[in-house]
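Presented below is the structure to which this report refers.
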Amino acid sequence: MWGLIAGTVSYPLFAWYGRRYFDEQGLERGFTRMMLVFLLATLLSSALGYGVSWVTSTPRSRSSQAQLQKAGTAVLDDELKCVRNPSGAACQSSVQQAEATERKLLSGFRGGRQN
């Protein structure tokens with residue numbers, strides 16, 4: 001939550017400094033400069049928001065996020081195998097694993113909403 005707030009609040013500041021910097025560098029105003037300022041401000045505010053979110057999260061939540069990311073990557077890998085060979089045993093295992101991961105994600109989502 002704090003990461004979202006930090007990223008949102010910092011975006012106008014990064015955009016203002018970006019415009020000011022490009023003025024000092026003598027870059028002409030136009031679409032290219034506008035897009036460059038937009039991308040720079042977006043990148044910096046997103047990085048700041050991610051950093052604040054990482055610092056304010058607990059080690060336990062970071063660990064569970066990493067486990068869910070690994071499980072999601074494994075599911076995607078199995079799905080790729082199923083695309084190549086749909087009648088294989090890996091497809092049946094992939095379906096079961098995907099359903100278990102989906103139940104885990106949805107139970108965590110529902111639990112977080114009720115608290």
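Positions are given from 1 along the sequence.
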Only pairs under 3.5 Å count here: list side-chain donor-acceptor contacts from residues 38-45, not counting sequence neighbours, and write none if there are none.
residue, atom, partner, partner atom, Å
T42, OG1, F38, O, 2.7
S45, OG, A41, O, 2.9
S45, OG, T42, O, 3.3

**Fill in**
Note: with side-chain heavy atoms under 4.5 Å as the link, the other cluster members for Y17 come out as W16
**Message:** Starting from L13 and following side-chain heavy-atom contacts under 4.5 Å between hydrophobic residues (I, L, V, M, F, W, Y), which residues can be reached?
**Reply:**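 Hydrophobic cluster check, L13: no partners found.
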**From F22 atom CZ to T32 atom OG1, the distance as rounded to the nearest 0.5 Å** =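 Rounded to the nearest 0.5 Å, the CZ-OG1 separation comes to 11.0 Å.
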**Item:** Set of side-chain hydrogen bond (donor to acceptor under 3.5 Å, both in side chains) partners for R33, sequence neighbours left out
**Value:** D23
**Request:** Identify whether L27 and M34 are in the same connected component of the hydrophobic contact network (ILVMFWY, side-chain heavy atoms under 4.5 Å).
**Result:** no
**Item:** side chain to side chain donor-acceptor pair (under 3.5 Å) contacts touching residues 3-13 (sequence neighbours left out)
**Value:** none
**Request:** Can you sort out the partners of E28 under salt bridge (Lys or Arg N to Asp or Glu O under 4.0 Å), two or more places apart, ordered by chain and number?
**Result:** none
